[in-house]
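Side chains are part of it too, since the values below use all heavy atoms of this structure and drop only hydrogens, waters and symmetry mates. In each ligand, atom 1 is the first atom listed, and ligand 1 is the first ligand listed.
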Amino acid sequence: MPIDLRSDTVTKPTPAMRRAMAEAEVGDDVYREDPTVNRLEARAAAVAGKEAALFVPSGCMGNTIGIKVHTSHGQEVICDARSHILNYELAMMSWFSGCIARPVPSPDGVLSWQAIRKEIRHVSPHWAPTGLIEIENSHNMGGGTVTPVEVVDEICDGAHDAGIPVHMDGARVFNAAERLGTPVSRIAAKVDTVMFCLSKGLGAPAGSMLCGTAKAMDEARLLRKRLGGGMRQAGILAAAGLIALEESPKGLAADHANAQLLARGLAAIDGIAIDPAKVHTNIVIFDVSGTGMDAAAFVAALQDRGVLSGATGPASVRFVTHCDVSTEQCRIALEACAEAVRAVAA
Ligand code: TLP
């Protein structure tokens with residue numbers, strides 16, 4: 001079996017999750033009659049500190065619905081230039097919500113109110129008005145970086161004063177919570193909606209939660225149906241989600257320690273550039289330009305040595321730690337990196 005560091009999306013359900021799935025009490029969730037889904041939604045809302053939550057099949061659908069709930073066609077969505085909603089969601093904000101992105105560059109994916117406020121547009125004969133501000137926390141392509149609570153609060157206060165809602169792509173907000181030592185409900189306290197994934201670091205087989213006001217979630221439920229996300233006896237999946245919510249956050253500290261181990265080990269390899277201080281959570285993005293290989297060649301060389309990774313740019317490679325990779329496997333992966341670099345140098 002290869003050591004799979006491509007993403008935390010590759011995690012497999014635990015034995016406890018599989019047992020709960022087999023035994024789950026189910027009903028038709030489109031009629032809101034699935035007791036397990038109802039329990040998961042109530043629990044997710046409590047964890048996020050919101051009135052209500054909606055179980056959706058994926059993070060992309062959660063973000064798509066979150067954007068649609070807040071915006072009208074012909075508006076702009078302010079987001080970081082490397083955000084997932086802009087770069088990895090097949091232009092759904094335009095396809096489904098009729099909005100365009102107003103990308104704002106940021107250091108490592110951490111936005112600030114100062115950077116955002118300059119980009120806010122009001123109705124005018126020439127401009128599309130800002131309909132929404134989006135924050136990704138932790139930030140995937142920023143290298144798993146975490147936006148501190150005070151910064152999130154400041155963005156929300158400024159946005160709300162300007163009459164603009166805020167959506168958080170919290171696909172990995174539990175990783176942010178672990179890093180900050182702060183509950184998810186505090187991180188998301190001021191955002192209008194937050195989406196988080198059960199299927200990444202938390203290890204559930206599928207599903208994400210969108211959380212917000214009861215009114216927003218009622219609308220979100222209709223949008224989910226429009227998108228084909230009414231899943232009927234979804235309690236089978238929700239049962240795993242409930243375990244993911246209660247049990248899995250405890251394991252994230254170990255994933256972060258493994259990411260640090262990788263970052264420090266990579267920094268010590270000639271030709272690889274990474275600053276371990278910038279690795280906040282479970283994502284390790286590093287530059288391989290000094291190795292004589294581009295990212296594709298580096299990824300291929302690692303694959304030959306039994307380690308799976310992903311290229312995130314012409315010269316950048318991503319490792320993501322998760323509950324299905326051990327510290328020992330991270331050490332083996334580092335050895336594979338060193339060996340691949342030595343082989344090219346020779
Ligand atoms: N991220 C995936 C890929 O799509 C890049 C990964 O391997 O990291 N928001 C963020 C910040 C994400 O990183 C992802 C998935 C999503 C949303 C979408 O979640 P899914 O895959 O459940 O639709």
Worksheet item: Do any N/O atoms on R318 end up under 3.5 angstrom from N/O atoms on ligand 1?
Response: yes

Worksheet entry | Proximal ligand 1 atoms for E136, defined as those under 4.0 Å from one of its heavy atoms | 11 (C)

Discussion item. Regarding ligand 1, does N140 bring an N or O atom to under 3.5 Å of one of the ligand's N or O atoms?
Written reply: yes

Item to complete: Please say whether Y88 places an N or O atom under 3.5 Å from an N or O atom belonging to ligand 1.
Response: no

Discussion item. Test of understanding: given a 4.0 Å heavy-atom threshold, classify the contact between N63 and ligand 1 as side chain, backbone, both, or neither.
Written reply: side chain

Worksheet entry | Option set S199, G59, G142, criterion heavy-atom distance to atom 22 (O) of ligand 1, minimum | G59

Fill in: Side chain, backbone, both or neither: A171 near ligand 1, heavy atoms under 4.0 Å
side chain

Worksheet item: Is K68 paired with E219 through a side-chain N to carboxylate O contact shorter than 4.0 Å?
Response: no

Fill in: Heavy-atom proximity to atom 21 (O) of ligand 1, best of K200, H139, M195
K200

Worksheet, complete the sentence: Under 4.0 Å between heavy atoms, the region of E89 that gets near ligand 1 turns out to be side chain

Worksheet item: Should the proximity of M141 to ligand 1, defined as any heavy atom under 4.0 Å, be assigned to the side chain, the backbone, both, or neither?
Response: neither

Discussion item. What I want to find out is whether R172 reaches E178 closely enough, with some N-O distance under 4.0 Å, to be called a salt bridge.
Written reply: no

Fill in: From D80 atom CG to N140 atom CG, the distance as rounded to the nearest 0.5 Å
11.0 Å

Worksheet item: Should the ring pair F298 and F286 be called parallel, tilted or perpendicular, given that the plane angle runs from 0 to 90° and is split at 30 and 60?
Response: perpendicular

Discussion item. Just to be sure I read this right, does ligand 1 sit under 4.0 Å from the backbone of R6, its side chain, both, or neither, counting only heavy atoms?
Written reply: neither

Discussion item. So that I can tick it off, tell me whether D4 and K12 are bridged by a salt bridge, with the cut-off set at under 4.0 angstrom between side-chain N and carboxylate O.
Written reply: no

Worksheet item: With backbone taken as N, CA, C and O and side chain as the heavy atoms from C-beta onward, which portion of M61 lies under 4.0 Å from ligand 1: side chain, backbone, both, or neither?
Response: neither

Fill in: Cationic N near anionic O, under 4.0 Å, K190 to D157
yes

Worksheet item: In terms of heavy-atom contacts, does CD of E25 have more than 12 from other residues, nucleotides or ligands at under 6.0 Å?
Response: no

Practice prompt. Using distance alone, determine whether H84 and ligand 1 share an N or O pair under 3.5 Å.
Written response: yes

